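The structure appears right after this line, and notes come after that.
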Amino acid sequence: MQSSPQSIEQLMQRAQHIAGLNLAQLAASADWPLPKDLRRDKGWVGQLIEHHLGAQAGSKPEQDFPELGVELKTIPINEQGQPLETTFVCVAPLLNIAGLNWANSNVKNKLSCVLWIPVEGRREIPLGQRRIGSPLLWQPTQQEEKLLQQDWEELMDRIALGEIEQITARHGQVLQLRPKAANGKALTSAIGNRGQQIQTRPRGFYLKKEFTSQILQSYFLV
DNA sequence: CGGTGATCATAA
DNA sequence: TTATGATCACCG
């Protein structure tokens, strides 16, 4: 696939069409080489799925399917269907955050509608043998959105107060803040504890595993 | 042995 | 450097 899906129905049909296939089959049909492992190709699975569903490759700060208002996320799971990793959402703004609120936040926008594609992710399974699972189109329930908003507001408050260096991944019930960069030497500007500008590692918002696990399980029951 | 903090590839 | 796509791997 290479053309953009023209409707959510078409997107879902494509996603359902690749469910059950393994990554070797998917790579072959796209004529992509299969890496030995993901150590140096951490985004490979996500990009392969994007390719098959017709997402336009690029580094746009918006949804994968802007016309459909849908964000695509592949998520590695174990045999119980539970997530093996947290889910990256977006980079956290650390400066000029005065006018930001939940309603206009990048987190809310990204998570307003997500197409989750579970993929077997246990390292014991050779990459090519890992299978694609059934897609699920998710929109946060009121309760889920409330949790996300609470965490987002608390984290952003602390960032605004210059407490970025005190925030760890343990903060937040469903959303956490962790480094997101090429390495520990990458720096960006943020607010220091006396209101001054400081340099710190870029941070990203991530969904905790327990939260995404509930999402996957709730759809499994349907 | 699970999570947190660190890291990898690539485009613009 | 910041954005996209995430998983790696060390430490408690």
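Letters A, B, ... mirror the listed sequences (proteins, then strands); counts begin at 1. The model shown is predicted, which means the values in this text are computed figures rather than measured ones.
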Can you build the contact string for nucleotides 6-12 of chain C? Use B for base contact, S for sugar-phosphate-only contact, and - for no protein heavy atom under 4.0 Å.
BBBB---
Under 3.5 Å: donor-acceptor pair, side chain of A:Glu120, backbone of A:Arg130:
no
What integer distance in Å separates A:Lys36:NZ from B:dA9:P?
14 Å
Whole Å only: how far is the CZ atom of A:Arg203 from the C1' atom of B:dG5?
10 Å
Would you indicate what A:Glu210 reaches in the nucleic acid, counting non-hydrogen atoms under 4.0 angstrom: base, sugar-phosphate, or nothing?
nothing
Rounded to whole angstrom units, what separation is found between the CG atom of A:Asp64 and the C1' atom of C:dG5?
9 Å
Between A:Gln56 (CD) and C:dA3 (P), how many Å, whole number?
21 Å
Please report the distance, rounded to the nearest Å, between CG in A:Leu177 and P in B:dG5.
10 Å
Is A:Ile75 linked to A:Ile125 within one hydrophobic cluster, defined over Ile, Leu, Val, Met, Phe, Trp and Tyr using a side-chain heavy-atom separation of less than 4.5 Å?
no
Return yes when atom CD of A:Glu210 has more than 12 non-hydrogen atoms of other residues, nucleotides or ligands closer than 6.0 Å, and no otherwise.
no
Between A:Ile164 (CD1) and B:dG5 (C1'), how many Å, whole number?
13 Å
Candidate list A:Leu48, A:Leu115, A:Ile49, test side chain to side chain contact (heavy atoms under 4.5 Å, CB included), partner A:Thr74, passing option
A:Ile49
State whether the number of non-hydrogen atoms from other residues, nucleotides or ligands found under 6.0 Å of A:Gln80 atom CD is greater than 12.
yes
Using a heavy-atom cut-off of 4.0 Å across all strands, would you classify A:Leu187 as base, sugar-phosphate, or nothing?
sugar-phosphate
With heavy-atom distances below 4.5 Å as the criterion, would you say the side chains of A:Phe205 and A:Lys110 are in contact?
no
Is there a side-chain contact between A:Asn101 and A:Met156, using heavy atoms and a 4.5 Å cut-off?
no
Pull out every protein N or O sitting under 3.5 Å from an N or O of nucleotides 1-3 of chain B, one pair per line with the distance.
| residue | atom | partner | partner atom | Å |
| --- | --- | --- | --- | --- |
| B:dG3 | OP2 | A:Lys209 | NZ | 3.4 |

A:Phe205 CZ - B:dT4 C1' separation (whole Å)
17 Å
Below 4.0 angstrom from OP1 or OP2 of B:dA9, is there any side-chain N or O of A:Arg40?
yes
Under a 3.5 Å cutoff, is there a donor and acceptor pairing between the side chains of A:Glu153 and A:Gln149?
yes
Do A:Arg178 and A:Thr86 have side chains that approach each other closer than 4.5 Å (heavy atoms only, starting at C-beta)?
yes
So which of residues 100-112 of chain A are in contact with DNA chain C, with a heavy-atom cut-off of under 4.0 Å?
A:Lys110
Once the angle between the rings of A:His51 and A:Trp32 is folded into 0 to 90°, is it parallel (under 30°), tilted (30 to 60°) or perpendicular (over 60°)?
tilted
Would you indicate whether A:Gln173, at its atom CD, is surrounded by more than 12 heavy atoms from other residues, nucleotides or ligands within a distance under 6.0 Å?
no
What integer distance in Å separates A:Leu23:CG from C:dG5:C1'?
14 Å
